[in-house]
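So the structure is just underneath, and the comments pick up after that.
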Amino acid sequence: MASIILLFLCLFLGFIFKKSQVFPKETAVVLNKFVIYISLPAMALHYLPKIQVSEKLFFPIGVAWIGFLLSFLLFYFLGKWLKWSRSLIGCTILMGGLGNTSFVGIPVIEAIYGKQGLETLVLVDLPGTFITLSTVGVLVAATYSRGKTDLNQITKRILGFPPFIAFCVGILIIAFSIQVPEVIDSVFEKLSATVTPLALVSVGFQLNIQKRSKHWGFLALVLTQQLIVWPLFILLFYRIILGQSGVDIDVCVMEAGMAPMITAAIVCSAYGLKPRLSNMIVSIGIPLSFLTLAIWYYIITYIL
């Protein structure tokens with residue numbers, strides 16, 4: 001419950017700070033830079049070395065990659081057909097294909113499934129969502145961002161993306177069984193804890209919901225993919241086609257239906273991919289997801 005309260009409180013504070021002009025106009029840019037250059041790399045270096053490689057990784061990890069693939073196929077071809085701008089296509093792919101599997105996911109999954117659910121959540125989030133963001137996510141962002149989009153420029157942006165660098169370091173730590181000193185790991189843990197509050201304040205600071213905005217149709221499409229199509233596909237594929245069951249699979253379905261990823265909105269802002277739309281998607285998608293998650297829980301618990 002504390003995490004959920006913090007979620008809405010930080011969104012509200014960011015919005016109030018902007019309206020009251022207590023903070024300068026560049027606040028969101030500075031917060032975004034801090035999250036990308038410090039908080040996210042620290043999160044990768046804290047959590048990645050703790051992942052145990054085994055066959056049980058495949059289903060949870062698959063949730064993030066399947067969701068991103070669905071989003072890419074849907075919005076790439078839809079955008080081409082309807083002649084959307086490159087920035088709009090990039091924004092919708094990222095926002096529709098990356099879920100908030102940790103901050104929104106943790107309190108929800110812990111309340112419903114307890115410790116066993118959290119063990120699966122970690123697998124969905126780190127080797128799944130986080131690595132998806134740090135690799136193909138930043139590839140899409142770099143490809144559809146303003147300016148040059150040649151292969152050299154895209155490669156430089158990916159290799160220079162701090163979370164991706166941290167991801168590579170984390171993989172090396174796992175590969176060579178390097179023991180990170182406890183004091184260093186504690187520093188990474190404390191820095192990683194800044195991701196959620198700073199990202200949420202940044203989103204709230206950039207929030208500008210306009211009733212007559214041209215973004216509402218795109219927002220509806222992204223949230224339909226994120227909150228309905230993605231969990232439905234995971235449910236049908238994992239439980240019906242592959243015949244899997246149990247708490248782990250139920251958590252996979254619930255994680256697929258989580259709210260849009262806050263960090264994805266930060267990346268959209270950093271790469272100039274419709275930042276107003278991405279922040280509207282997060283701000284509206286988070287509260288709406290609590291309703292859709294309740295529906296999914298009812299379906300997988302009492303109907304199937």
Side-chain angles (χ1 to χ4, degrees), residues 1-8 43-44 46-68 70 97-133 189 192-193 195-196 199-200 223 225-264 282 285-304:
M1 180 58 69
S3 296
I4 295 175
I5 293 174
L6 180 64
L7 187 154
F8 288 106
M43 178 178 286
H46 173 64
Y47 287 107
L48 279 176
K50 298 175 176 60
I51 293 174
Q52 299 295 322
V53 180
S54 69
E55 66 279 358
K56 68 180 295 186
L57 292 173
F58 293 115
F59 287 110
I61 292 176
V63 171
W65 291 94
I66 289 171
F68 195 87
L70 286 174
L98 293 164
N100 201 324
T101 52
S102 56
F103 190 65
V104 175
I106 287 172
V108 172
I109 298 302
E110 184 177 22
I112 298 174
Y113 300 105
K115 183 180 179 181
Q116 183 180 357
L118 290 181
E119 291 174 354
T120 303
L121 178 145
V122 170
L123 298 178
V124 175
D125 187 50
L126 291 174
T129 304
F130 186 84
I131 294 177
T132 303
L133 169 69
E189 181 180 19
S192 67
V195 170
T196 298
L200 283 167
L223 292 183
Q225 146 64 20
Q226 178 73 246
L227 304 179
I228 299 175
V229 175
W230 186 355
L232 177 61
F233 185 91
I234 295 296
L235 177 65
L236 294 176
F237 186 49
Y238 281 14
R239 291 191 61 163
I240 307 301
I241 297 177
L242 298 181
Q244 301 295 312
S245 61
V247 172
D248 291 350
I249 300 302
D250 290 349
V251 171
C252 286
V253 175
M254 293 292 287
E255 282 283 81
M258 288 297 162
M261 190 183 193
I262 298 167
T263 312
V282 168
I286 287 176
L288 182 60
S289 69
F290 289 107
L291 172 62
T292 55
L293 285 170
I295 295 173
W296 284 117
Y297 175 72
Y298 179 82
I299 291 173
I300 61 179
T301 305
Y302 298 106
I303 296 180
L304 297 179

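Please read these numbers as outputs of a predicted model, since none were measured by experiment.
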Could you list the donor-acceptor pairs under 3.5 angstrom formed between side-chain atoms of residues 297-304 and any protein atom two or more places apart in sequence or on another chain?
{"unit_1": "T301", "atom_1": "OG1", "unit_2": "Y297", "atom_2": "O", "d": "2.7"}

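Screening residues 249-258 for salt bridge (Lys or Arg N to Asp or Glu O under 4.0 Å) gives R239-D250 as the qualifying pairs, with residues at least two apart or on separate chains.
The side-chain contact (heavy atoms from CB on, under 4.5 Å) search around E189 returns H46, not counting sequence neighbours. Considering only residues two or more places apart in sequence or on other chains, T120 meets the side chain to side chain donor-acceptor pair (under 3.5 Å) condition with D248. For Y47, the side-chain contact (heavy atoms from CB on, under 4.5 Å) partners at least two apart in sequence or on another chain are M43, L126, S192. Scanning for side-chain contact (heavy atoms from CB on, under 4.5 Å) contacts around A264 gives M95, L98, M261, with sequence neighbours left out.
The residue from L235, I241, I240 that alone fulfils the side chain to side chain contact (heavy atoms under 4.5 Å, CB included) condition with F237 is I241.
Here the closest non-hydrogen pair linking A259 and G285 is CB-O, 3.8 Å. Here the closest heavy-atom approach between residue A199 and residue I262 is recorded as CB-CG2, 3.3 Å. Scanning all heavy atoms of the two residues, the minimum distance from N100 to P260 falls at CB-O, 3.5 Å. Minimum interatomic distance between P231 and Q225 (heavy atoms only, all atoms of both residues): CD-O, 4.5 Å. In plain terms, the two heavy atoms of G128 and A64 that are nearest each other are C-CB, 3.3 Å.
Taking CD1 of I61 as the reference point, atom CD1 of I131 lies at 6.5 Å (rounded to 0.5 Å). Of the inter-residue distances, the one linking T132 atom OG1 with F68 atom CZ reads 7.5 Å to the nearest 0.5 angstrom. How far OG1 of T101 is from CG of L123: 11.0 Å, rounded to the nearest 0.5 Å. Rounding to the nearest 0.5 Å places CG of D125 at 9.0 Å from CZ of F130. How far CD1 of I228 is from OG1 of T292: 7.5 Å, rounded to the nearest 0.5 Å.
Checking side-chain atoms of W296 against main-chain N and O of L227 turns up a donor-acceptor pair under 3.5 Å. Looking only at distances, a side-chain donor or acceptor of Y238 sits under 3.5 Å from a matching main-chain atom of F59. Looking only at distances, a side-chain donor or acceptor of W230 sits under 3.5 Å from a matching main-chain atom of V63.
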Run the side chain to side chain contact (heavy atoms under 4.5 Å, CB included) test on F8 and I286 for me, step by step, so that the C-alpha distance in whole Å, both residues' side-chain angles and the decisive distance to 0.1 Å come before the verdict.
CA-CA 9 Å; F8 288 106; I286 287 176; 4.2 Å; yes

